[in-house]
Amino acid sequence: MLAELDIPTELCRNSYLSFHNLDTQEGLYLTLSARGAMFQGVELFRPANLKSLAKTFIGLQRAQHRLASGSLKGVTLGRCLSELPEFSGDAKIILLSALCLLSSMQVHELLASPAEFFLAKLRTHHDVISPKAVYSVRCVRDGTRRYVNALAARYRGNIRFHARIRAVERVAKGARVVMEDGSREEFAAAVFACNPDQALALLAAPTPLEIELLGAWRYKDGRVVVHRDHGSFPPRALIEAYTFLYTLHDGTMDTSVNGALWHEPQAPKDCAYISAQRPNYPIRPDLIELDTTLRTPLFDFKSVATTPRLPELNRRGPLFYCGSYFGYGLHEDAVSSAKAVAERLG
Ligand SMILES: Cc1cc2nc3c(=O)[nH]c(=O)nc-3n(C[C@H](O)[C@H](O)[C@H](O)COP(=O)(O)OP(=O)(O)OC[C@H]3O[C@@H](n4cnc5c(N)ncnc54)[C@H](O)[C@@H]3O)c2cc1C
């Protein structure tokens, strides 16, 4: 899509990870960037660090073998990991943190979720927890808004913001959209590019299939804070593109996902902003730039069971559906599902 829109991308040189224990103030810092490597020196290549990384990759390979053999049906991620001895200590922390990043879910939710789903996700988006991440992660030059604008350019005059839609009905010639003020408009087709629970709430008369497939999805609001408070963080040289600040209480892990915005290619070098998802540490109010909530889906046994069947919703029209829930919950999945609907519409 980016190539078709003529959007230039560039290598992201600093897409590394740090794991910092909030209680002990110790951690594993994969600081392969020049600044981080200089700060850590030989510490970076401690045998214990290399062993944890090796255990993570070997454990993942073994888990993928189990996935391929079909022996993970109905198995939770928690049970799957407990049966693989590699996933202890830092290797388990690395994997669970990365999955929190990839799913916006919390550790206790992940452990109760289907192992098959998350391992298939890692198989599909295969360079996320892999040495390949060092050279394969690319970012959009000039920021992601550039491709949003390029996508919208073709029909900018037809985009209506803040439309307050009360309901969508099937009618003989297509779809009727009923606004909150009672006005109505008819279209040949309607595409719901919103979350499945939001789509279901808009349907005036959902079919049994829509109730079954869209109704299986639950969403949660997660706090996201953009701030400049580094009080709970390791020194700046150890704060990587993503830094996981975690606690381990009675064997139960909890982590926040913190993106350091100065690792973005366009950010000024003195940028101090951190984008924290589900912060589990205190943040000084005067250093907060944005405090909001973002809704994300729960990939549990009930919701992911619908994924292979979701395309059934788009067989007949005039109502169509797309979104990242058609795949593994990432931008790329949302784009692929939208492309499938566009192709269906000709
Ligand atoms: C903090 C955070 C970081 C993330 N980072 C990444 C990342 O780095 N890479 C990645 O691939 N994914 C990431 N994700 C996940 C990614 O953002 C989602 O998978 C993706 O945005 C989902 O796209 P979507 O089009 O399915 O739905 P959404 O992006 O949720 O879009 C649905 C849209 O529908 C609109 N809508 C809802 N109801 C109505 C209505 N009644 N009328 C009109 N409009 C309506 C909503 O306002 C919303 O804009 C992240 C998620 C979060 C929360």
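Indexing begins at 1, ligand by ligand and atom by atom, following the structure's order.
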Practice task
Could you check atom 41 (N) of ligand 1 against the protein and tell me its nearest heavy-atom contact, residue, atom and distance included?
Solution key: Leu202 CD1, 3.6 Å

Completion exercise
heavy-atom search around atom 15 (C) of ligand 1 in the protein gives Gly329 O, 3.7 Å

Part of [X] with heavy atoms under 4.0 Å of ligand 1, whether side chain, backbone, both or neither:
X      : value
Ser104 : side chain
His331 : both
Ser324 : both
Leu330 : both
Ala193 : backbone

Under 3.5 Å side-chain donor-acceptor pair for [X] and [Y]:
X      : Y      : answer
Asp197 : Tyr325 : no
Glu240 : Thr31  : no
Tyr16  : His263 : no
Asn280 : Ser256 : yes
Arg146 : Asn149 : no

Exercise for the section: Using the six-membered ring wherever Trp is involved, compare the ring planes of Phe19 and Phe244 and label them parallel, tilted or perpendicular (cut-offs 30° and 60°). Expected result: parallel

Exercise for the section: Look at the aromatic rings of Phe233 and Tyr281 and report parallel, tilted or perpendicular, splitting at 30° and 60°. Expected result: perpendicular

Sub-4.0 Å protein heavy atom near [atom]:
atom                    : result
atom 49 (O) of ligand 1 : no
atom 4 (C) of ligand 1  : no
atom 29 (O) of ligand 1 : no
atom 43 (C) of ligand 1 : no

Exercise for the section: Check whether any N or O atom of Thr296, backbone or side chain, sits under 3.5 Å from an N or O atom of ligand 1, and answer yes or no. Expected result: no

Problem - Other residues, nucleotides, ligands: >12 heavy atoms within 6.0 Å of Arg236 CZ - result: yes

Practice task
Could you pull out, from Ala334, Cys194, Gly327, Gly222, the option with a heavy atom nearest to atom 23 (O) of ligand 1?
Solution key: Ala334

